[in-house]
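Structure first, then comments.
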Protein chains: 2
Amino acid sequence: MNGSGQRRTTIKDVAEAAGVGVATVSRVLSGGSASAGTREKVLATAARLDYHPSALGRNLRRRHTGGIGLLVPDITDSFYARLADGVLSCARSYGEPVTVGVTGDDPERESELIGTLIEQSMDRVIAVPSGDGEVWDPVLRAGVNVVFASRRSDLDLPDVPAVLADDRDGVRTAVEYLTGLGHRKIAFLARRGQSQRVAAFTGALTALGVPVEDELVVHARASRDSAYAAAAGLLQRHPDVTAVLTGGNILGEAAVLAARELDVRVPRDVSLIMFDDVPWAELCSPPLTVIAQPAQDIGYRSAELVLRQGRRPREVVLPSELVVRASCGPRRPRR
Amino acid sequence: MNGSGQRRTTIKDVAEAAGVGVATVSRVLSGGSASAGTREKVLATAARLDYHPSALGRNLRRRHTGGIGLLVPDITDSFYARLADGVLSCARSYGEPVTVGVTGDDPERESELIGTLIEQSMDRVIAVPSGDGEVWDPVLRAGVNVVFASRRSDLDLPDVPAVLADDRDGVRTAVEYLTGLGHRKIAFLARRGQSQRVAAFTGALTALGVPVEDELVVHARASRDSAYAAAAGLLQRHPDVTAVLTGGNILGEAAVLAARELDVRVPRDVSLIMFDDVPWAELCSPPLTVIAQPAQDIGYRSAELVLRQGRRPREVVLPSELVVRASCGPRRPRR
DNA sequence: AAATATGCTGGAATCGTTTCCATGAACGGC
DNA sequence: GCCGTTCATGGAAACGATTCCAGCATATTT
């Protein structure tokens, strides 16, 4: 298709044109020691020939690709999009490319993508893990620098640093707010893999002396359809529920839609709090009270961690914040 | 940090263990000709040693990286997130990694990212271009396979295939709908780089015999702040405007927010149509009438195009669709 | 049966870089 | 003035794959 006549200029060309050896060129360009005269000569020649070192040669020699592999469940979800944005923003300042993969929260797909990453000899990976230790063990043994973002792997992999939002605190504040409004029958609409949030939820209820009812914790898969089904099912099966906490913005969206469809008014009939603040939360009718998540920060800090050379903290916890809008009201029995 | 004791198994190890030459192993693994016996032997040995060919060696020899470079203005914008999702989804089925860069609609950043891509010897790029021919010319001359998605470069680069939504049709339908409701003072809230949509807008007005007023076309930069400022400014400066068409979902969000802030009711005071259907459009109050964009399809088709070997169509145009909800009403003078 | 065609095979070159190592020059201390 | 140290330098060996090419065995043709 494309002729692409002229060969790319290589380090050899520069060495020849500058009258020095390739080793010297390489040293000058990567900051090694060289005499001032030589340095200048090489730099000038490189600029004149418009030489850009090829990452291919370097990577092969160094036996690893630069750059970061990023694995998220769903790039379409505003939360993960913002997380990715944070990673990309940090990586850009280091000039490192980022390879993105979408796992769909499916351990099998995640495993496939990990395979691709290993094939590319990626040695830095940031992931929102779906699979357990079994999936991640080979990666770690291959010497890849892994950072978990937003959640840990189910099975404990203590050596992997993680950057997390303070779910426990966010949930506690939200539950306190709801119980303060008189609510006792509070449901949690969770996505699979949010065990940590669920634990925080039941913990907070217990701490406040509210009995925990297992059937009020409902799980959905990652898709919008599944989220909607779970939300509608919850509202229909439990007419006595007066407040709902949703584990993410997709679930929140589903809850609003389902409530509207079932003619359950928010906040008159049920109060609603959503995990993760998104731009549309304010536009929604009613504007949604949310537990804001520092998604962009999580991404940025993860990237810093994975790019930093030295030893790294085992865990970074970033604050969540309850943003009160208009989707919660005092408890009123629904029937 | 990590010992990573054992060396990665290479093609040489496999060759030795199977008692054949490296050339034969390579041929078997990449589908070349080999006798049945040899093939089986090699395959078995490779599996036994858990051999995975390194992309590094292959890339160097082939003188280009596999995989796709994807450049979008803002991954946080639902439209581009869905576009990226389409690309990722197609790329996954080919097993090709995707490297994502965020340009912020800034030609300079775009140029930097292109530099990174070239350094990586990426030979396939999908981009929502911000810069003009000057930025893209070096890439094309380097023999990179480029596909433009969602919009073309300002300067005409006729050799680059593009996958686009049918903006002209979408705008025409929307404008016809609005004029049908009696609107004459229709504003367009555009982002820089949406010249095509603006042209379609003025074209549609002219075709319907509505005079075009240049000051009713307002431009904003990519950020949310800039979008809000532009929206608020428009509503304040032109109280006679009775309908607004926004060039994207960020601008639509800004318009809803600004209208609410300025106590301009939708659709009573102004009718609003937004480019791009997003999940929250239905949740908004009022639910927004939108010109739905096949973002995911655009991404998917772009990836198909950039991955396909043979000759490719110069342009793929995907349909837009007007989705009528509740943000438009009959014209009423605002004062 | 000789000549030619066909097909499998492995050695070696190659891709573009980094880095080890040997060389030689300059330099300072005794 | 000699020796040890330091420093800049370039040749050459990796890195791990693909692929050209020559060699050889077997099948086909004359």
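The chains referred to below are lettered A, B, ... by the order of the sequence lines, with proteins before strands, and numbering in each begins at 1.
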With rounding to the nearest 0.5 Å, note down the distance linking OG1 in A/Thr10 to CG in A/Asp13.
4.0 Å

Separation of B/Gln120 CD from A/Thr99 OG1 (nearest 0.5 Å)
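Here the interatomic distance stands at 8.0 Å.
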
Grab the [atom1]-[atom2] distance between [X] and [N] for me, whole Å please.
X: B/Arg61; N: C/dT17; atom1: CZ; atom2: C1'; value: 16 Å
X: B/Leu29; N: C/dG10; atom1: CG; atom2: P; value: 14 Å
X: B/Glu40; N: C/dC8; atom1: CD; atom2: C1'; value: 17 Å
X: B/Glu119; N: C/dG16; atom1: CD; atom2: C1'; value: 13 Å
X: B/Leu60; N: C/dT17; atom1: CG; atom2: C1'; value: 8 Å
X: A/Ile11; N: C/dT18; atom1: CD1; atom2: C1'; value: 8 Å
X: B/Arg62; N: D/dA17; atom1: CZ; atom2: P; value: 12 Å
X: B/His64; N: C/dC15; atom1: NE2; atom2: C1'; value: 12 Å

Output yes when B/Arg221 and B/Asp74 qualify as a salt bridge under the 4.0 Å nitrogen-oxygen rule, no when they do not.
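Judged by the 4.0 Å cut-off on N to carboxylate O distance, B/Arg221 and B/Asp74 do not form a salt bridge.
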
Any ion pair linking B/Glu112 and B/Arg109 (charged N to carboxylate O, less than 4.0 Å)?
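No salt bridge links B/Arg109 with B/Glu112.
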
For the student: nearest non-hydrogen atoms of B/Val317 and B/Glu315, plus distance
CG2-OE2, 3.8 Å

Taking every non-hydrogen atom, the tightest pair across A/Ile298 and A/Ser150:
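Closest approach of A/Ile298 to A/Ser150: CG2-N, 3.8 Å.
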
Has the side chain of B/Asn59 got a donor or acceptor atom that lies under 3.5 Å from a matching backbone atom of B/Ala55?
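Yes; judged by distance alone, with no hydrogens or angles, the pair exists.
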
Has B/Ser153 got a side-chain atom pairing as donor or acceptor with B/Gly131's backbone, closer than 3.5 angstrom?
yes

So what does B/Ser26 hit on the nucleic acid, given a heavy-atom distance under 4.0 Å: a base, only sugar-phosphate, or nothing?
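If one applies the 4.0 Å heavy-atom cut-off, B/Ser26 turns out to touch a base.
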
At a cut-off of 3.5 Å, list every protein nitrogen or oxygen paired with a nitrogen or oxygen from nucleotides 6-12 of chain D, distance to 0.1 Å.
| unit_1 | atom_1 | unit_2 | atom_2 | d |
| --- | --- | --- | --- | --- |
| D/dA8 | OP2 | A/Ser33 | OG | 3.3 |
| D/dT9 | OP1 | A/Ser35 | OG | 3.1 |
| D/dT9 | OP1 | A/Thr38 | OG1 | 2.3 |
| D/dT9 | OP2 | A/Ser35 | N | 3.2 |
| D/dT9 | OP2 | A/Thr38 | OG1 | 3.3 |
| D/dG10 | OP2 | A/Gly21 | N | 3.0 |
| D/dG10 | OP2 | A/Thr24 | OG1 | 2.5 |
| D/dG10 | O5' | A/Gly21 | N | 3.4 |
| D/dG10 | N7 | A/Arg27 | NH2 | 3.0 |
| D/dG10 | O6 | A/Arg27 | NH1 | 3.2 |

Residues in side-chain hydrogen bond (donor to acceptor under 3.5 Å, both in side chains) with B/Ser78, at least two apart?
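B/Ser78: side-chain hydrogen bond (donor to acceptor under 3.5 Å, both in side chains) contacts with B/Arg82.
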
Would you tell me if any nitrogen or oxygen in the side chain of B/Arg58 comes within less than 4.0 Å of OP1 or OP2 on D/dT18?
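It does, given that an N or O in the side chain of B/Arg58 lies less than 4.0 Å from OP1 or OP2 of D/dT18.
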
Phosphate OP1/OP2 of D/dG16: any A/Arg63 side-chain N/O under 4.0 Å
yes

Contact string for nucleotides 22-28 of chain C, one letter per nucleotide 5' to 3', B = base within protein heavy-atom range under 4.0 Å, S = sugar-phosphate only, - = neither, reads -------

